[in-house]
Structures are given as C-alpha cells and as structure tokens.
Amino acid sequence: MVISDSDFNRLVSFVHSHYGINLAQKRQLITGRLSTAIKQRGYRSFTEFVDHLLKTRDEGEMTLLLDKLTTNYTFFMREKDHLDYFRKNIIPDLVRRHQRDRVLSIWSAGCSSGEEPYNLSMYLFDYLGSQARNWDTRILATDISSRALGIAQKGVYELPDTIPAEWKKKYFVPDQNGLYAVAPMVRNNVIFRPFNLMDPIRFRRPFDVIFCRNVMIYFDQPTKDALVQRFYNATVPGGYLLISYSENLSQNNPYRRLAPATFQK
C-alpha cells in the first residue's frame, strides 16, 4: 500500500502526541511494516485505517500500530560495562541505604522482552546471597508493547554465550528445545505492567534506580527533556538514572553525571 502525505502526517502526529515516538523520517518503515497487517484486517487503504484509528482509538489497532512500529530488540548482558557499574557501585550503595527497611525500588522503563529486569534480579541475588530472602528486591518492568510484555512474562529465551555458566545453572531451567526458562525465583522478582512513558509517573514509591536504555532514541529532544524531568521527580534523592550509551541528555538536565550514561539525583 502507498501512504499519502496527508495520512502519513496524521499518523506521525498521532503517534508522537500519544507515545512520544518520532516517526517523521520513517515513512518507509511505516509502509513496510503496516501494509500487510492492515490489509489482513480488511482495510483497503491507509486512509481507511488512519480514519478508523483517529476516530475510535480502537485498542486492538493501537496495539497493532505499536507492535509493528517499535523495535523490541534487547538481550541478556546488554552493555555489560553498565551492568558492572550497577553491580560494583549502585547495589552496594542501595544496600547500605536500605539496611533498615530492606526494600529496594527499581524500575526497568521500556523493558521490551524482559531480559533487562531479569538480568538486574540476578545481580541483586548474587550480591545479597542468602540474605536475599529478607529483602524486597522486586523490580517494576514496563513497556507499551503488549507483544513484548507477553514474551517477557513467559520468560523463555535462547541464551547468548555471554551468560555465565554459573547463572545458567542457578537462574535458568533448560527445556527440551534448547531454550531456557527463567527460574521461578527470578521470574517472581519482576512485576510486568503496561505503561506509556508519556503518561504522568504516579507509582506508589519513588525509585532508587531507573533504567531507561535504548528507549529515548525514538524521541525528539523536547520529549526527552520532559521525560527526564518526570524521571527526576520520581527518583529518591541520591537515586540513579541509567540510559543507553547511544543516548545523551541535555546539558541542562537536572541529574549529575557519574559515569558514561549514568546519572544521580
């Protein structure tokens, strides 16, 4: 299907205003990823689809749109230097701060298919050892893609060679197809929820750590700045924000930089 300038602009404006995602330079991606899917749903043109979407805000069509236009690509041990900083510096600091209440508040924002929050859980369990049962280390993991969240909740993966052999034994259960299921102790440490990062952040507790990696690459600068301010407001004093190495914050962002892609309130 060919998308007209008018339909393209309407769709780009809708996605940007509702989800913060900037598709202004992604015309080929939109036509390539949506054409077959909307044909299969009975639409004869992009105009019919866009008209219906904007008029009804149909939940099924919104889900289709997000699942087709967002790239839910991630893997275990992604940006390992980042995770090493979390293990060596951030976890010990959080454990010192929370000796009394023994409750940590960590958010994986834009968790995609779930590898990141499961990975973080493994580092926490490694550090706390036998004391982990006395701590509430549950991680909130959110994404706008219901397809990605479905994969995350199943927790079954083809593991890369970068996963330590000890972790394979300790935190995964092999199946007959050569895949590995996340062990129940790790699975139960992650709470998956749908969430749009353009919405107000009103969770029960402020966060000790927010991971938002490889998400803001889809946003324009004003959208990123506004989101970072919302993150800041939802972070405890001394709390952390970790973004991807491929991303940058504005010079006037409210956090102070600690290390590459690592910030503190």
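Since we're looking at a predicted model, the values are computed, not measured.
Judged purely by atom type and a 3.5 angstrom limit, R87 has no side-chain atom pairing as donor or acceptor with the backbone of P92. For D208 (side chain) and G239 (main-chain N/O), no donor-acceptor pair under 3.5 Å exists by modelled atom type. Between the side chain of H16 and the backbone N or O of L23, no donor-acceptor pair lies under 3.5 Å. Using modelled atom types, no side-chain atom of S13 and backbone atom of R10 make a donor-acceptor pair closer than 3.5 Å. The closest donor-acceptor contact from the side chain of R27 to the backbone of A24 lies at 3.5 Å or more, if one exists at all. In terms of modelled atom types and a separation under 3.5 Å, the side chain of N253 and the main chain of S250 share a donor-acceptor contact. Checking side-chain atoms of H98 against main-chain N and O of V103 turns up a donor-acceptor pair under 3.5 Å. Proximity of a side-chain donor or acceptor of D136 to a complementary backbone N or O of R138 within less than 3.5 Å is detected. Formation of a donor-acceptor pair under 3.5 Å by the N189 side chain with backbone atoms of T137 is found in this model. Judged by distance alone, with hydrogens and angles left aside, the side-chain atoms of D175 form no donor-acceptor pair with the main-chain N or O of Y180 at under 3.5 Å.
Between D51 and K55 no salt bridge is recorded (no basic side-chain N to carboxylate O distance below 4.0 Å). Using a 4.0 Å cut-off between charged side-chain N and carboxylate O, R213 and E247 make no salt bridge. The existence of a salt bridge linking K170 and D126 is confirmed by a sub-4.0 Å separation between a basic side-chain nitrogen and an acidic carboxylate oxygen.
Taking the ring axis of Y232 as reference, the NZ or CZ atom of K265 stays within 45° of it and closer than 6.0 Å to the ring centre. Annotation: cation-pi geometry not satisfied between R257 and F263 (NZ/CZ under 6.0 angstrom from ring centroid, within 45° of ring axis).
The structure places CD1 of I163 at 6.0 Å from CE of M122, a figure rounded to the nearest 0.5 Å. Rounding to the nearest 0.5 Å gives a distance of 5.5 Å between CG of L34 and CZ of F49. Interatomic distance, L140 CG to C111 SG, rounded to the nearest 0.5 Å: 8.5 Å. Atoms CG and CD1, from N9 and I3 in turn, are 8.5 Å apart once rounded to the nearest 0.5 Å.
For residues 128-148, the set of pairs meeting the ring-ring contact (aromatic ring centres under 6.0 Å, His included) definition, not counting sequence neighbours, is empty.
Residues E116 and N119 have side chains that never bring a donor and an acceptor to within less than 3.5 angstrom of each other. For the 3.5 Å distance criterion, the side chains of D93 and Y240 qualify, holding a donor opposite an acceptor. Side-chain atoms of S6 and S4 include no donor-acceptor pair closer than 3.5 Å. Using modelled atom types, one finds no donor on one side chain facing an acceptor on the other under 3.5 Å when comparing S112 with D143. In this model, a donor atom of one side chain and an acceptor atom of the other lie less than 3.5 Å apart for S113 and E115. With no hydrogens or angles considered, no side-chain donor-acceptor pair links D225 and Q229 at under 3.5 Å. At a cut-off of 3.5 Å, with distance as the only test, no side-chain donor of T223 or Y218 sits close to an acceptor on the other residue.
Summarising the geometry of F46 relative to T31, their closest heavy-atom pair is CZ-CA, 4.0 Å, with the distance given to 0.1 Å. Taking every heavy atom of both residues into account, M1 and I38 meet most closely at SD-CD1, 3.6 Å. For the pair Q264 and R256, the tightest heavy-atom approach, listed with the atom from each and the gap, is OE1-NH2, 2.6 Å. Closest heavy-atom contact between L197 and A109: CD2-CB, 4.0 Å.
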Take Y118 and W167 through the ring-ring contact (aromatic ring centres under 6.0 Å, His included) test and state the conclusion after the steps. CA-CA 12 Å; Y118 288 139; W167 275 18; over 10 Å; no

List the steps, then state whether side-chain contact (heavy atoms from CB on, under 4.5 Å) holds for Y123 with L83. CA-CA 9 Å; Y123 279 114; L83 297 174; 3.7 Å; yes

Between D220 and K224, is the salt bridge (charged side-chain N to carboxylate O under 4.0 Å, His left out) condition met? List the steps. CA-CA 6 Å; D220 58 25; K224 283 195 285 189; over 6 Å; no

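Residues I217 and I144 share a single hydrophobic cluster, defined by chaining ILVMFWY side chains whose heavy atoms lie under 4.5 Å apart. Linking ILVMFWY side-chain heavy atoms closer than 4.5 Å, directly or via other members, places Y19 and I201 in a single hydrophobic cluster. Linking ILVMFWY side-chain heavy atoms closer than 4.5 Å, directly or via other members, places F231 and L249 in a single hydrophobic cluster. Hydrophobic clustering, with ILVMFWY side chains joined whenever heavy atoms are under 4.5 angstrom apart, keeps I243 apart from V236.
Ring planes of H52 and Y43: tilted class, angle from 30 to 60°. Classification of the F203-F195 ring pair by plane angle, with boundaries at 30° and 60°, yields tilted.
Heavy-atom neighbours of K154 NZ from other residues, nucleotides or ligands within 6.0 Å: at or below the threshold of 12. Heavy atoms from other residues, nucleotides or ligands lying under 6.0 Å from CD of Q99 number more than 12.
With respect to I106, the side chain to side chain contact (heavy atoms under 4.5 Å, CB included) criterion is satisfied by exactly one of L124, I210, I91, I90: L124.
With sequence neighbours excluded, the residues satisfying ring-ring contact (aromatic ring centres under 6.0 Å, His included) with F86 are F211.
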